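A short worksheet on the structure shown next.
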Amino acid sequence: MTDLNTKLEIFDAIASRRNERRNFLRFAGGSALAIGGATLLSACGSDDSDLAPTPTPGPAPVAALNDADVLNVALNLEYLEAQFYAFAAFGVGLNANMLTGIGTQGAVTGGAQVPFQDTVVREYAREIAIDEVAHVAFLRSALGSAAVAQPAIDISVGTAAAPGAFTAAARAAGVTGATGVFNPYADDNSFLLGAYIFEDVGVSAYKGAAPLIANKTYLEAAAGILAAEAYHAGLIRTILYRKGLQTPNPIPSLITAANQISDARDSLDGTVTNATTGVIGDDDQGITGSDPTISNIVPTDANGLAYSRSVAQVHNIVYLTPTAKIGGGFFPNGTNNRLDSLRTSGANA
């Protein structure tokens, strides 16, 4: 990738390169199509109201889920990934004009440029960062005026006494001790583990959201992002495995740490049930099985299919909680969406 003179030019170049791709997908008339043809429910009025008794108010109507809601769930996750990768690769976050929208706009806590020593890891980080920023721009363009603002995001390290989200995640996984601090910006290997926390979640989130999207154009676009996220996840898993076994200086602790992160995610998102096959025991597999020399680069079920996560399960992981709540972990105040059901984690404790 050609080096650019300033950090701002990096994002200007990203916007220019992606502009024609992200402009094709827009909501008709500036508003989202609703699931199954439904729109937001509203109270019915009558021009003859003075001729009939005033009805007793009933329960407030429940808003129908629409495609904009589903894409906004994805946009929240893309804000998180884009900010992490942009800081790690280039030392800056998203431009201010990419953060506005519906809901409370929040700031980013933490983030730093990684002093990469491995050229391969550095180039991977830059490539993924550009893709993730493009995902944010694409979804915002698709949603138009329906796009939610970036919520408050915590990608900080923190301290032993006041841990940031990354340290809290590492402690929960056992990657560090109860008072340890984890800094994903410290070096190449720490960056890879930090990236690993997110990547598999993104893949399973997009797959899980697929049945909720009614419009085929939007579904195809989401599938395109899912494919990109799957490439990213496979890349991160592969390089972690390779470094864990490399000759002459293997780093087996990388494999151990990655598998611990996988187990922690598994403990947060609860028991997964499939209508056909019943309970799925381990929907979040590490980069190896019980034999650390045998790779498990692609976590799949018995049919070779990638796993899905529900919206609630995704929030369990990004909030770092097995309980039902809004906010915590990487999203201190919760994600942005007009429906609380799409920003609440599951009750898995």
Side-chain angles (χ1 to χ4, degrees), residues 7 11 68-113 129 132-133 135-140 143 145-159 161-172 181-185 194-195 197-199 201-202 205 209 264-265 268-269 309 311-346:
K7 297 294 194 288
F11 295 102
D69 297 321
V70 179
L71 294 186
N72 271 319
V73 172
L75 179 57
N76 279 277
L77 299 179
E78 296 297 346
Y79 281 134
L80 172 61
E81 289 190 292
Q83 292 286 19
F84 168 65
Y85 280 110
F87 271 108
F90 301 117
V92 292
L94 294 174
N95 286 344
N97 62 1
M98 298 183 72
L99 309 179
T100 59
I102 298 171
T104 302
Q105 181 178 328
V108 176
T109 302
Q113 189 167 14
E132 297 298 350
V133 173
H135 289 169
V136 171
F138 178 81
L139 288 171
R140 285 175 57 84
L143 286 159
S145 61
V148 296
Q150 175 192 272
I153 289 176
D154 183 355
I155 50 172
S156 70
V157 177
T159 65
F166 273 112
T167 292
R171 288 182 183 179
V181 173
F182 173 68
N183 182 1
Y185 312 104
I197 293 174
F198 299 137
E199 285 301 340
V201 180
R265 291 188 306 225
L268 292 173
D269 67 10
R309 278 191 174 92
V311 172
Q313 288 176 315
V314 171
H315 283 86
N316 284 119
I317 295 172
V318 296
Y319 291 167
L320 300 177
T321 180
T323 65
K325 59 181 293 191
I326 296 176
F330 296 99
F331 292 100
N333 301 325
T335 56
N336 274 337
N337 206 302
R338 70 184 183 90
L339 301 176
D340 281 350
S341 61
L342 295 181
R343 52 196 298 263
T344 304
S345 54

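These numbers were taken from a predicted model, which means no experiment stands behind them.
Two residues are said to be in side-chain contact when any heavy atoms from C-beta on lie closer than 4.5 Å; Pro184 and Val157 meet this criterion. Looking at Ile155 and Thr109, their side chains never come closer than 4.5 Å, going by heavy atoms from C-beta outward. Residues Thr167 and Arg171 are in side-chain contact: their nearest non-hydrogen atoms beyond the backbone lie under 4.5 Å apart. Considering only heavy atoms from C-beta on, Arg309 stays 4.5 Å or farther from Asn316 through its side chain.
To the nearest 0.5 Å, the span separating CD1 on Ile326 from CG on Asp340 amounts to 4.0 Å. To the nearest 0.5 Å, atoms CD1 (Ile197) and CZ (Phe166) are separated by 5.5 Å. Distance CD1/Ile153 to CG/Leu94: 8.0 Å, rounded to 0.5 Å. Distance CZ/Arg343 to CG/Asp69: 12.5 Å, rounded to 0.5 Å.
Residues Tyr85 and Glu199 come closest through the heavy atom pair OH-OE2, 2.6 Å. The nearest pair of heavy atoms linking Met98 to Val133 is CE-O, 3.7 Å. Shortest non-hydrogen contact noted between Val314 and Ala205 is CG2-CB, 3.5 Å. Smallest separation of non-hydrogen atoms from Ala170 and Phe182: CB-CB, 3.4 Å. Between Ser345 and Thr321, the shortest heavy-atom contact is OG-CG2, 3.7 Å. For the residue pair Gly164 and Ser156, the shortest heavy atom distance occurs at CA-OG, 3.3 Å.
Taking the salt bridge (charged side-chain N to carboxylate O under 4.0 Å, His left out) definition, one finds that Arg265 meets it with Asp200, Asp284, sequence neighbours left out.
For residues 72-82, the set of pairs meeting the side chain to side chain donor-acceptor pair (under 3.5 Å) definition, not counting sequence neighbours, comprises Glu78-His135, Glu78-Tyr206, Tyr79-Arg140.
Side chain of Gln150 to main chain of Gln105: no donor-acceptor pair is present (N/O by atom type, distance under 3.5 Å, no hydrogens or angles). Side-chain N or O atoms of Gln113 include none that pairs as donor or acceptor with a backbone N or O of Phe87 at under 3.5 Å.
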Distance-only check: which donor-acceptor pairs under 3.5 Å involve side-chain atoms of residues 327-336, not counting sequence neighbours?
from: Thr335; atom 1: OG1; to: His315; atom 2: NE2; distance (Å): 2.8
from: Asn336; atom 1: ND2; to: Thr104; atom 2: O; distance (Å): 3.1
from: Asn336; atom 1: ND2; to: Ala149; atom 2: O; distance (Å): 2.8

